[in-house]
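Because the structure is predicted, anything quoted here is derived from the model rather than measured.
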Amino acid sequence: MKTKHNLLLGGFVAISAIIIAFWLRKETPAELLDSKNPVSQTETIDSNLTPMPSVAQTPKAAAGTNPPSTSGKRYAELGVLEQNAILMEIQKQELPKIFQAMLNAERLEHDDLKQMHLQTVFADALKIQKPTPEFLEQMYQFVINATNSQFERDLLIGALGHAATKESVTLLLRLAKTAPDVKVREAAASLGGLGRPNQNVADLSPILERTWLETSDPILIGSTSSAMARFGTARGVELLLSAALAKDGRDEERQQEAQSALQIVTNEDAVPPLAARLKDQAPASEVVKLVAPILAGTNGTDGQQALVSWLQGRPENAALQIEDFFVNHIRIDPFESAWGKAIDPAVPFANEENRKAIREALDRYRAGRKQDP
């Protein structure tokens, strides 16, 4: 199996590591936007980063800047409650101002911890506030502008991936396809941590599926494969199965990525396309070797029922496969699924050895559970 691509932006842990590693660096303020690209008055990133007045001179923060601490301490020196109060005030602002505050945290205040926290604030705000087309274009221009530091551009790319909205993912894909800098394209193509269960599957999965079908970029193939598998929609899993089981050998890169990604499928929505692949397949077939363990590892009872139904109709002895399911793959209590019912003599089996293998596996499972502390 091909080694998975190392993603350049593995979520906020990686971003945090970068921040710590670069805590001594000092960036020269860079022009954020091309002056030929005017934007609306209400949503704009300030490119004139003049020094902020002291706390004593500014008892109330100006719009678009970082609210100061009432104690006069640096953000990193404050307690959690006061830090949260500052972040909550910034979170109330419009997206461009939150983004500017994230930049100012390091550019003006030289406070890496505050910048790290504001990256999270900005990503969360992207989930709530829908960015205007003008601001989306501003963010695109910021990332492709080589006068901005690679660190800041990566900071924005990481926030877009963490936000995981239709707009932020579309922007990442645009960057992955069109950014002049190869490092930017690779960072955007990694797609951060997309594919988590709490993300908007209905919006994101079709975008990923379309990209997966159209792209020839190895990083995008890998990142979209993984995200589709984590979402585990029927459509996405069917696309992965078609590539993984292809016999024409025309796209080995896509085939290997699909085979690897399928190993992390757990969603019950994936059961129908997986179960359909087992039809008329002998236990020793390559299809069963790939598909059956994935079914066994799905959440809920549907995958277990699909496996038992397949075993009921097979004339071959599948004892080895049954043992593997119980030892390595089943994630739920088998007694609460079709496995527990399969030992009932009323359940028909084409080969009684398969019922016997299930009974023995259940006995071992029960004995092991009794030994657990």
Open item on the list: So does Ala361 get a backbone contact from the side chain of Glu323, meaning a donor-acceptor N/O pair under 3.5 Å?
Closed with: no

Open item on the list: Restricting to non-hydrogen atoms, name the atom on Ser337 and the atom on Gln304 that form the minimum distance, rounded to 0.1 Å.
Closed with: OG-CB, 3.7 Å

Task: Lys/Arg N to Asp/Glu carboxylate O, Arg74 vs Glu109, below 4.0 Å - done: no

Task: Sidechain N-carboxylate O distance under 4.0 Å for Glu238, Arg277 - done: yes

Open item on the list: So that I can tick it off, tell me whether Lys183 and Glu186 are bridged by a salt bridge, with the cut-off set at under 4.0 angstrom between side-chain N and carboxylate O.
Closed with: no

TODO: Identify whether Met88 and Phe122 are in the same connected component of the hydrophobic contact network (ILVMFWY, side-chain heavy atoms under 4.5 Å).
DONE: no

- [ ] Give the minimum heavy-atom separation between Leu204 and Lys166, together with the two atoms involved.
- [x] CD2-N, 3.9 Å

Task: Crowding at NZ, Lys127 (>12 non-hydrogen neighbours, <6.0 Å) - done: yes

TODO: Evaluate the criterion side chain to side chain donor-acceptor pair (under 3.5 Å) for residue pair Ser205 and Glu209; output intermediate values, then yes/no.
DONE: CA-CA 6 Å; Ser205 195; Glu209 293 158 13; 2.7 Å; yes

TODO: Write down the atom of Gln83, the atom of Tyr75, and the distance for their closest heavy-atom approach.
DONE: NE2-O, 2.9 Å

Open item on the list: How close do Val288 and Ala282 get, counting heavy atoms only, and between which atoms?
Closed with: CG2-O, 3.2 Å

Task: Ring centroid separation Trp339 to Tyr365 under 6.0 Å - done: no

TODO: State whether the number of non-hydrogen atoms from other residues, nucleotides or ligands found under 6.0 Å of Arg174 atom CZ is greater than 12.
DONE: yes

Task: Taking every non-hydrogen atom, the tightest pair across Ala284 and Lys289 - done: O-CE, 3.3 Å

Open item on the list: Between Glu152 and Arg107, is the salt bridge (charged side-chain N to carboxylate O under 4.0 Å, His left out) condition met? List the steps.
Closed with: CA-CA 10 Å; Glu152 287 182 337; Arg107 289 183 174 189; 2.6 Å; yes

Open item on the list: As a quick check of understanding, evaluate side chain to side chain donor-acceptor pair (under 3.5 Å) for Asn351 and Arg314, giving each step before the final call.
Closed with: CA-CA 7 Å; Asn351 187 330; Arg314 297 312 309 171; over 6 Å; no

Task: Atom of Gly193, atom of Gln199 and distance for their closest heavy-atom approach - done: O-NE2, 3.4 Å

